[in-house]
Structure formats: structure tokens, C-alpha cells
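Take a look at the structure set out below.
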Number of protein chains: 4
Amino acid sequence: MVETILQATARVLSERGLAGTNTNAVAEIAGVSVGSVYQYFPNKDALINALHERHVLQMETLILDSLDQLAGKTLLEAVECMIEAVHEAHLLEPALHRALESGDLLCDPNEDDDGYRAVMVAVRQLFEVHRAVITVPDLDLAVWSVMKIVEIMVHSAVLSPPPNFTQCQLRCAIVDAVMGYLVYPSSVPPHHAPPRTASELIEVKM
Amino acid sequence: MVETILQATARVLSERGLAGTNTNAVAEIAGVSVGSVYQYFPNKDALINALHERHVLQMETLILDSLDQLAGKTLLEAVECMIEAVHEAHLLEPALHRALESGDLLCDPNEDDDGYRAVMVAVRQLFEVHRAVITVPDLDLAVWSVMKIVEIMVHSAVLSPPPNFTQCQLRCAIVDAVMGYLVYPSSVPPHHAPPRTASELIEVKM
Amino acid sequence: MVETILQATARVLSERGLAGTNTNAVAEIAGVSVGSVYQYFPNKDALINALHERHVLQMETLILDSLDQLAGKTLLEAVECMIEAVHEAHLLEPALHRALESGDLLCDPNEDDDGYRAVMVAVRQLFEVHRAVITVPDLDLAVWSVMKIVEIMVHSAVLSPPPNFTQCQLRCAIVDAVMGYLVYPSSVPPHHAPPRTASELIEVKM
Amino acid sequence: MVETILQATARVLSERGLAGTNTNAVAEIAGVSVGSVYQYFPNKDALINALHERHVLQMETLILDSLDQLAGKTLLEAVECMIEAVHEAHLLEPALHRALESGDLLCDPNEDDDGYRAVMVAVRQLFEVHRAVITVPDLDLAVWSVMKIVEIMVHSAVLSPPPNFTQCQLRCAIVDAVMGYLVYPSSVPPHHAPPRTASELIEVKM
DNA sequence: CATGAATGAGACTTCATTCAT
DNA sequence: CATGAATGAAGTCTCATTCAT
């Protein structure tokens with residue numbers, strides 16, 4: 001029942017967007033009565049939030065799973081894996097993503113979102129392992145930047161890709177952006193390390 | 001009149017968000033009757049769109065202005081200028097930005113948005129000038145990526161900055177991300193240019 | 001079962017008032033399913049009515065019991081006893097009273113309420129015993145008036161007492177009101193009995 | 001418009017009772033749309049309250065007016081005037097009264113009801129003028145008791161009169177009840193004044 | 001008989017839009 | 001052109017009642 005309702009919500013959300021979603025429509029699509037929706041969700045927001053939470057959880061699980069399997073890889077390989085995971089996660093239900101996450105990108109996710117924080121921690125751990133090859137002086141800043149870059153680029157690649165590019169090419173661009181940022185001779189004061197040479201980019205295995 | 005209405009709309013939008021904005025409230029804040037709103041705007045959407053368009057236009061004007069003044073600068077300097085311009089533009093009315101652009105980031109902006117296209121063209125021209133030091137093989141892809149990165153990072157820096165960082169530091173991070181991407185030995189097939197050495201990163205003046 | 005349900009109803013009614021009482025809440029408080037409520041009560045009204053009836057019955061039993069024990073008492077003593085009984089009966093569950101009887105005071109209780117009529121009959125019998133000292137020409141009118149006075153004053157004393165008075169004082173005021181009415185030289189036409197003197201107020205024992 | 005809505009509310013309230021009154025019905029009876037109801041009243045409660053307030057105000061005005069004209073009258077005459085005023089006020093729209101005041105009788109009216117308090121003050125002033133012939137030791141208590149007695153008896157006389165009595169007879173009974181209470185040798189401790197004789201009841205003119 | 005998930009009519013309220021003044 | 005009262009479709013939510021298990 002809860003499942004039916006959530007799926008109907010997802011469908012309505014995908015088809016009509018957040019503003020066009022209402023409890024009657026959800027109930028109708030679900031083939032149940034409005035009352036049943038309110039039997040399981042105290043109000044409309046709770047309904048949307050439940051779907052949102054579940055959605056975010058799916059994302060995070062996929063990402064955390066991929067981050068668990070990065071031992072013994074170079075930073076590049078790790079970044080590629082991570083981005084591949086995120087990218088594929090977002091290819092699942094693009095329309096639903098748009099509806100559910102359109103408001104999220106500009107909101108402060110730091111409050112009490114454990115999942116988001118877990119991803120941040122995992123990414124930070126990854127970066128610490130590869131600290132030597134990362135030029136960004138502050139890892140917290142690096143984590144924030146990389147997560148933002150990956151978020152927006154993956155979303156954009158999936159939801160409004162530029163014409164004439166394959167998803168594969170876009171994914172490579174994301175990897176480049178992240179890697180470029182991480183190993184680029186940072187301008188953030190006060191660390192003015194000299195530019196890395198190519199040879200330095202060949203990391204040792206973990 | 002139109003001006004009054006739009007300003008009231010901006011204020012309501014800033015204070016109550018998109019969902020909390022309604023035509024009666026706008027009219028009241030504007031000190032005007034609802035009828036007058038409908039004299040100049042066929043419906044609510046048109047009202048929001050007009051504000052949105054004007055807002056986007058402001059952004060674009062600021063950005064295009066800064067892009068016009070990049071002659072004789074290195075790519076780094078140019079990127080710094082551009083990001084500074086965007087950043088400052090977004091610092092003006094953060095709440096209004098959140099309300100107006102929260103939905104935009106995930107939407108396809110290519111349809112009939114002349115301003116957006118103009119920015120793309122200007123950025124592309126900038127990149128063509130510095131083609132030699134940019135490692136990304138496809139400039140269209142580079143433009144798309146850089147615009148997305150700048151968009152999201154500037155928005156996030158302004159609207160939901162990570163704790164313990166100054167706007168200045170965040171701006172540097174954005175510059176780093178863009179520059180890193182542009183000059184990083186790209187992985188996008190089929191261009192497998194050899195990694196650049198530090199010396200190559202020293203650009204010639206335009 | 002029926003008992004459990006009625007007690008739950010009483011509790012919900014006391015805590016949430018008539019408007020806030022619904023069958024689901026009653027069932028939940030009773031620790032019973034809604035279905036069971038409908039097994040024993042055809043609908044919500046029947047449920048409330050049953051409680052109401054039982055409640056009124058309790059009141060009436062208490063009052064009738066007290067009226068049965070008035071033999072050999074003066075009118076004053078009898079009135080004191082009766083009012084004491086009513087007063088104490090209402091002190092039991094004030095909140096429940098408010099919920100159950102708020103609508104009753106203005107309704108015609110004569111239709112088919114046997115209990116109410118029984119009380120009237122008992123009070124009339126009491127008055128007939130003391131006919132000599134009662135100045136009110138029509139005993140039916142006296143019964144109606146006294147019952148109304150006692151009803152409202154007891155209810156008010158219990159549910160919304162005036163500040164700075166004890167229940168004891170209020171009870172005395174009720175006795176005074178009733179006695180004053182019963183022995184006051186009535187103005188009701190056409191009985192213009194001469195005003196009673198103080199000596200006449202000293203009644204003989206029954 | 002406000003008038004139309006309030007009249008419709010009064011009608012619906014009279015015909016269907018408080019529970020059966022809903023905004024749609026009010027709008028329909030008023031021949032206006034629901035929106036118009038909400039243009040003037042923020043919600044259903046406000047609508048009912050407005051009617052209630054107006055109704056109470058009417059009552060109070062009538063009562064206060066009558067109390068203003070009591071100079072030079074005996075207590076009996078004053079009480080008769082007052083009760084006549086209240087009685088006639090309640091004869092205006094009995095059904096509406098039942099709906100509007102059914103809940104009031106058991107509620108604490110002392111909170112912030114200025115009108116009610118004004119009536120109390122006026123009654124107290126009346127009693128002070130006639131202090132000499134009133135046996136009730138505490139005037140505050142007397143005011144409370146008399147108001148309760150008048151309230152309930154007038155309401156009952158109008159809304160559920162006992163069979164076989166005229167309104168005139170009932171009104172006399174109310175006067176008797178009030179006068180009897182006021183001049184009856186009170187039992188409230190500690191004043192045990194001896195019973196008044198008839199001669200004492202002949203007051204001096206004010 | 002007990003259960004409680006499911007129902008759906010109906011209540012409250014909002015707000016985009018119109019139109020007579 | 002400005003006004004703003006009036007409109008009413010549409011959305012959110014409640015709760016008395018049913019019925020399959």
C-alpha cells in the first residue's frame with residue numbers, strides 16, 4: 001500500500017512536477033482513495049518527503065557502496081568509479097530526479113541530513129588517502145567543491161545535456177573537472193605549491 | 001507601474017518563496033490593485049517570467065560586460081574576472097536568486113534563452129583566444145562544463161556556503177575548479193594529448 | 001466491552017470536548033477496533049447518546065435516592081439534601097458534564113426522558129408534602145422553576161464558578177435561591193396570597 | 001455583503017444548528033460564493049463568533065438600556081423591568097439563540113467579555129442602591145446567582161417552556177425566583193439575619 | 001465476533017482571474 | 001486605465017462507516 005502510494009507519487013511527480021502534484025491525483029493514480037494516502041502519511045509534505053528521503057537514500061547507498069570499493073586504486077580511478085556510480089544512479093529515473101531535487105541544489109544540506117554527511121565523510125576519507133597528490137590545501141573545501149561539481153554536472157548531464165554529446169563524453173568531462181580541480185596548482189591562499197608535472201600525477205597504488 | 005509591480009513581486013518572492021507568492025500579495029505589497037497587475041501581465045506565470053527574464057538579463061549583462069574587458073589578459077586572469085563578476089552579481093539579492101533560479105539549474109536552458117546563449121558564445125570566444133593552453137579537446141563541452149561549474153558553485157557559495165569559509169576562499173575554489181578543468185590533461189576520448197608540464201601552463205598574453 | 005467503549009468515550013469527551021470526539025479516537029483509547037464500536041453502537045450518535053443516557057441516569061438515581069430520604073424533614077432540610085445530592089453528583093466528572101450537557105440545558109427535556117420526568121414527579125411530591133409553606137401558587141410551575149434554578153446554578157458552580165467563592169458558599173446560595181423562590185410572596189397572578197410573616201416560615205415536621 | 005453573510009449564517013444556524021452549519025451552506029443561502037465569505041471572515045470560527053458577538057451585544061444593549069431607567073423604582077420594579085427586557089430580547093430569535101448560546105451557559109464568561117462584565121457591574125449598582133432590602137450578605141455572589149437564574153430561566157422559558165404556562169406566567173416566576181432569593185433570609189454564613197416580615201418588604205423609593 | 005485497512009463524501013480554505021464601477 | 005469585490009475551481013484534510021479477513 002505504502003509502496004503503491006509512493007510509486008504513484010513518483011509517477012505524478014515525474015509527469016506533472018512538484019507544483020502539479022496533489023493528493024487527489026496521487027490517490028487516483030495509485031488506485032486508492034485519498035483516505036488511504038492519509039492513513040500512511042500525515043500530510044502532503046510528508047508524502048513528498050518520504051519519497052524524497054527514499055530517493056536520496058538510494059542515491060547515497062549507491063555512492064557509498066562505490067566508495068567502499070576504492071582500495072588499491074589511484075585517485076583518478078577512484079574518482080572515475082565514484083562519478084560512474086553517481087551518474088548511473090541518476091540515469092535511473094531522470095524525470096523523478098528533476099522533480100525531487102530541483103529545490104535541493106540551492107538549499108543548505110548540512111542541517112541534519114545524515115546521508116549527505118556520510119557521503120561527505122566517505123569522500124573526505126578518499127581524499128585523505130590520496131592527500132599527497134591533491135593540491136587543494138583544505139580538504140573540507142575540496143570535498144564541498146567536488147560534491148557540488150559532481151552534483152550539478154551529473155544532474156545537468158542527465159536532465160539537460162548539451163546537444164551533440166554522449167553521456168560517456170559528459171561523464172569524462174565531469175571526471176576531468178574533478179581531477180583538474182584536485183590536482184591543479186591551487187590559488188587558494190596561502191598554499192602556493194608549484195605546478196605539478198605529469199610525472200607527479202602518476203600516483204602510487206594505495 | 002510595471003516597475004512597481006515587478007519590484008513587489010521580487011520582494012514577495014524573496015520573503016515568501018515561489019510557493020508563497022500569489023498575485024494578491026504582490027498587488028498589496030505594490031500598493032496597487034490586482035486588476036492593475038492583470039493590466040500588464042496576462043497571468044501569474046507571465047509575471048514571474050517577466051521578473052525572471054529581467055533578473056537573468058541583469059546577470060547576463062553583468063557577465064557579458066566583464067567578458068568584454070578581458071582583452072590582454074591571461075586565461076587565469078580572465079577566469080578570475082568572469083567569476084568575480086558572476087559572484088558579485090549573485091551577492092546582490094541572494095533570496096531572490098534562490099526563489100527565481102531554484103528550478104532553473106536542472107532545466108534545459110537552450111530552448112529560446114538568447115541571453116544564456118550570448119553568454120555561452122562570449123565564453124567560447126574567450127576560450128578560443130586561449131585555445132592553446134586549454135587541454136579540453138572540445139570547446140563546446142568546455143563551455144558547458146565551465147558554465148555549469150560556475151553556476152552551481154557561485155549559487156552554493158552565496159546561498160548555502162559551507163561553514164568556516166569566507167566568500168573569498170570559495171571564489172578562489174571556483175577559479176581553481178575552472179582552471180583545473182581547463183588545463184588538466186583531459187581524459188575525454190579520443191584526444192589523448194600528453195600531460196602538460198608546468199612550463200606549458202605559463203601562458204602567453206593575449 | 002460496551003463498558004470499555006463507554007468509558008473511553010467518556011474520557012475522550014472529557015478531554016477533547018464534543019467536537020473533538022470521533023469514533024476512531026474512542027476506539028483507540030478503548031484499546032479496541034473501530035469495528036467493535038460499531039458492533040455495539042449503530043453509529044456515533046448512538047454512542048454519545050448511550051453515554052449521555054447512562055450519565056443522566058446516574059444523576060437521576062442519585063437525586064431520586066436523596067429524595068427518598070426526605071421523610072420527616074422540613075422543606076429547608078429537604079431542599080438542602082436535594083441540592084447537596086445534585087451538587088455532589090456533578091462534582092464527580094465536571095469535564096464530562098460540560099461535554100455531555102452543554103446542549104441539554106436549552107433543549108426540551110420533556111419528550112421521552114423518563115428519568116427527568118421521574119425527578120420532576122419526586123420533586124413535586126416533596127413540594128406537595130410541604131404545600132403549606134410554599135407560596136408559589138402552581139406547584140408544576142414551582143417544580144419547573146426549581147429544577148431549572150438548581151440545574152444551572154449547580155452546573156455553573158461546578159464548571160465555571162465565580163472567583164473568590166467556595167463550593168460551600170455557592171451551594172448555600174443555591175439553597176437560598178430555591179427557598180427564597182418557594183416561600184417568597186409570589187407575584188404570579190391570579191393568586192395574590194398575602195405575604196407570609198416570619199412565623200409562618202417555621203414549618204411543621206412532616 | 002457582511003450583513004447578507006451574517007444573516008445567512010443566522011438562518012443556517014437556526015435551521016441546522018451549530019454542527020450542521022458549514023461555510024458552503026452559508027454562502028449558498030447568502031447567494032454569494034464561498035470566497036466572499038472568506039473575504040470578510042478569516043475562517044468559519046470568526047464567522048460564528050462575529051454573529052455571536054453581535055448577538056450578545058444586542059442582548060447587552062437591551063439589558064443595559066433597561067437598567068439605565070431604573071431610577072426611582074423599588075427593587076421589585078427594577079427586577080421586573082430587567083427581566084422583562086431580557087425576556088423580550090430573547091423572544092426575538094429563539095432558534096438562533098439556542099444555536100448561539102447553547103455552549104455559553106456552561107462556559108466561564110469572565111475572561112475578557114466586556115459586555116458581560118458591564119451587565120454585571122450595572123446589576124451590582126442596582127443592588128447597591130437597594131442594599132437595605134437585600135438579605136444576601138455578599139453582593140458579588142448575589143449578582144452571580146441572579147444572572148445565572150435569569151439566564152437559564154429566560155432561555156428555558158423561551159426555548160423549552162413547560163406545557164400549560166404562558167410566557168407571562170413564566171416571567172412572573174422568574175421575578176419571584178429572583179426576588180425570593182434577594183430578600184430571603186439567607187443561609188450563607190455568617191449572616192443569619194432573622195426572616196423579614198412583609199412590612200419590611202415595602203421599600204422606600206429611590 | 002473482532003479487526004483495522006480502506007473508503008469517499010464533505011468540510012475548510014486558497015488564490016488566480018474577471019468585470020462592473 | 002485603475003479598482004477591488006466577487007467568483008468558484010481546486011486542493012488539503014477529516015472522520016463516520018464498511019467489509020473482507
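Below, read A as the first sequence line, B as the second, and so on, with proteins coming before strands; counting in each chain starts at 1.
Not one side-chain nitrogen or oxygen of A:Tyr40 sits closer than 4.0 Å to the OP1 or OP2 atom of E:dA5. For the pair A:Gln39 and E:dA6, the criterion of a side-chain N or O lying under 4.0 Å from OP1 or OP2 is not met. At least one side-chain nitrogen or oxygen of A:Ser33 sits closer than 4.0 Å to the OP1 or OP2 atom of E:dT7.
With sequence neighbours excluded, no residue satisfies side-chain hydrogen bond (donor to acceptor under 3.5 Å, both in side chains) with C:Gln39. For B:His155, the ring pair (Phe, Tyr, Trp, His ring centres under 6.0 Å) partners two or more places apart in sequence, or in a different chain, are B:His90. When the side chain to side chain contact (heavy atoms under 4.5 Å, CB included) test is applied to D:His52, the partners found at least two apart in sequence or on another chain are D:Val56, D:Leu100, D:Asp104. For D:Glu15, the side-chain hydrogen bond (donor to acceptor under 3.5 Å, both in side chains) partners are D:Arg11, not counting sequence neighbours. Listed by chain and number, the residues in a side chain to side chain contact (heavy atoms under 4.5 Å, CB included) with A:Ala50 are A:Leu6, A:Phe41 (sequence neighbours excluded). Among residues two or more places apart in sequence or in another chain, the salt bridge (charged side-chain N to carboxylate O under 4.0 Å, His left out) test is passed with D:Glu53 by none. With sequence neighbours excluded, no residue forms a salt bridge (charged side-chain N to carboxylate O under 4.0 Å, His left out) with B:Arg16.
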Convert the base pairs of DNA chain E into dot-bracket notation, remembering that pairs crossing earlier ones are written with [ ] and that bases paired across to another strand are shown as |; include only Watson-Crick or G-U pairs under 3.5 Å. .||||||||||||||||||||
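To the nearest angstrom, C1' of E:dC15 lies 13 Å from CG of B:Asp45. When the C1' atom of E:dA6 is taken as reference, atom CD1 of A:Ile5 falls 10 Å away, rounded to whole Å.
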Using nucleotides 18-21 of chain F, report all nitrogen or oxygen pairs with the protein that are shorter than 3.5 Å.
none

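B:Glu3 places a side-chain heavy atom less than 4.5 Å from the side chain of B:Arg54. B:Glu101 places a side-chain heavy atom less than 4.5 Å from the side chain of B:His55.
Across residues 18-31 of chain C, C:Thr21, C:Asn22, C:Thr23, C:Asn24 each have a non-hydrogen atom less than 4.0 Å from an atom of DNA chain F (numbered order).
Taking the side chain of B:Met1 as heavy atoms from C-beta on, and the options E:dT3, F:dA16, F:dT3, the nearest nucleotide is F:dT3. Among the nucleotides F:dT3, F:dT12, F:dA6, the one closest to any side-chain atom of A:Lys44 is F:dT12.
The residue from C:Val154, C:Ile152, C:Val158, C:Leu159 that alone fulfils the side chain to side chain contact (heavy atoms under 4.5 Å, CB included) condition with C:Ser156 is C:Ile152.
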With a cut-off of 3.5 Å and sequence neighbours excluded, list every side-chain donor-acceptor pair involving residues 20-28 of chain B.
residue : atom : partner : partner atom : Å
B:Thr21 : OG1  : B:Gly17 : O            : 2.7

